[in-house]
Amino acid sequence: MIDSIHHFFADLVALGLLPDMFNYGFLVNAFLATLLIGPLLGALGTLVVVKRLAFLSEAVGHSALTGVSIGILLGEPITAPWISLFTFSILFALTLQWVRGRTTVPYDALIGVFLAFALAMGAALLMLVAKQVNAHLVEQVLFGSVLTADSQDLVILSVMFVLIVGLAFRYSNQAILTALSPEIAKSKRINTQLHDYGFVLLIALMTVAAVKIIGAILVGALLLIPAASARLIAHNLRSMMMWSVLIAISSALIGVLLPMYMQWAITTGPAIILVACVWFVLAISLHSVKGAARHGV
């Protein structure tokens with residue numbers, strides 16, 4: 001399947017419809033990965049912003065550091081410690097949600113405690129890992145590189161894409177109502193607690209799937225920045241989600257392709273986030289202009 005896609009892109013290059021750099025299989029993989037990851041992070045990011053869980057996505061992203069380190073120390077493949085990565089990040093997110101329902105500590109403070117644990121544990125284990133493997137791997141875990149995406153990564157992202165699209169098709173209205181007004185959702189006999197656990201689980205799964213591409217330090221940013229930008233532009237939740245998806249996709253594609261085309265020595269993870277930040281600045285500017293126009297300034 002992947003080989004067929006590579007041949008398809010090679011044919012488009014031969015016809016002059018794509019630049020020569022699409023002859024490289026790794027770049028085609030990167031292109032496909034961004035097309036898969038952009039819509040997912042953009043859509044989930046909308047609910048992250050509405051539910052005010054931006055800090056949670058950062059905590060789960062940093063927990064991936066610990067998951068990767070544990071996997072390598074237990075002997076999993078250095079470039080794909082998927083079992084420990086998924087297991088630890090999912091347990092981390094679900095435990096956080098479970099503790100939230102059984103304590104009076106404010107949620108942001110609770111997330112801060114878990115984030116501190118994730119950072120401390122991840123940093124300690126990364127130092128052990130750095131003694132066993134190439135230090136460049138540590139940099140890749142922290143900041144990601146979509147150019148290293150292989151067929152296994154594309155399969156994982158495809159599974160996530162199908163899963164989230166399927167859940168959205170079935171439960172999107174309930175999820176949106178739960179995010180906007182939990183009280184009304186409960187009055188309609190919607191299990192808001194189940195939705196909260198499910199949403200946290202999806203954030204964990206998507207974060208893990210995106211770590212290799214965006215990096216553990218930055219994956220939370222691609223959940224947050226497109227949605228925050230969209231909120232400044234959109235007039236309702238539907239348009240906010242559409243704008244968020246558009247910004248996430250364009251940020252990912254430009255962040256991958258522009259440095260390659262311009263031959264800039266910059267890692268793709270930071271490049272993607274910087275493009276998203278440009279979008280945010282443009283959104284703030286447009287919002288300010290509209291605000292001034294409404295007030296007749």
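When side chains are defined from C-beta on, Leu36 does not count as touching Leu40, because their heavy atoms never get closer than 4.5 Å. Taking the side chain as every heavy atom from C-beta outward, Phe88 and Leu91 never approach each other to under 4.5 Å. Leu223 is listed as a side-chain neighbour of Thr207, based on a closest heavy-atom distance under 4.5 Å. Side-chain contact between Tyr107 and Arg52: absent, with no pair of heavy atoms (C-beta onward) separated by less than 4.5 Å. The side-chain heavy atoms of Val48 and Phe199, taken from C-beta on, include a pair separated by under 4.5 Å. By the 4.5 Å heavy-atom criterion applied to side chains, Phe280 and Ile284 are counted as neighbours.
Applying the side chain to side chain donor-acceptor pair (under 3.5 Å) rule to Ser250 yields the partners Trp279; only residues at least two apart in sequence or on another chain are considered. When the side chain to side chain donor-acceptor pair (under 3.5 Å) test is applied to Ser285, no partner is found at least two apart in sequence or on another chain. Applying the ring-ring contact (aromatic ring centres under 6.0 Å, His included) rule to Tyr171 yields no partners; only residues at least two apart in sequence or on another chain are considered.
Ala175 approaches Leu47 most closely through the heavy-atom pair CB-CD1, 4.4 Å. Across all non-hydrogen atoms, the minimal contact from Leu44 to Ile164 is CD1-CD1, 3.9 Å. The two residues Ile247 and Ser229 make their nearest non-hydrogen contact at CD1-CB, 3.7 Å.
Phe169 forms part of no hydrophobic cluster, judged by ILVMFWY side-chain heavy-atom separations under 4.5 Å. Hydrophobic clustering, defined by side-chain heavy atoms of Ile, Leu, Val, Met, Phe, Trp and Tyr closer than 4.5 Å, groups Leu177 together with Ile184, Ile190.
His6 and Asn29 form a side-chain donor-acceptor contact under 3.5 Å, judged by distance and modelled atom types alone.
The side-chain hydrogen bond (donor to acceptor under 3.5 Å, both in side chains) analysis of residues 191-206, with sequence neighbours excluded, yields the pairs Lys51-Asp196, Gln174-His195.
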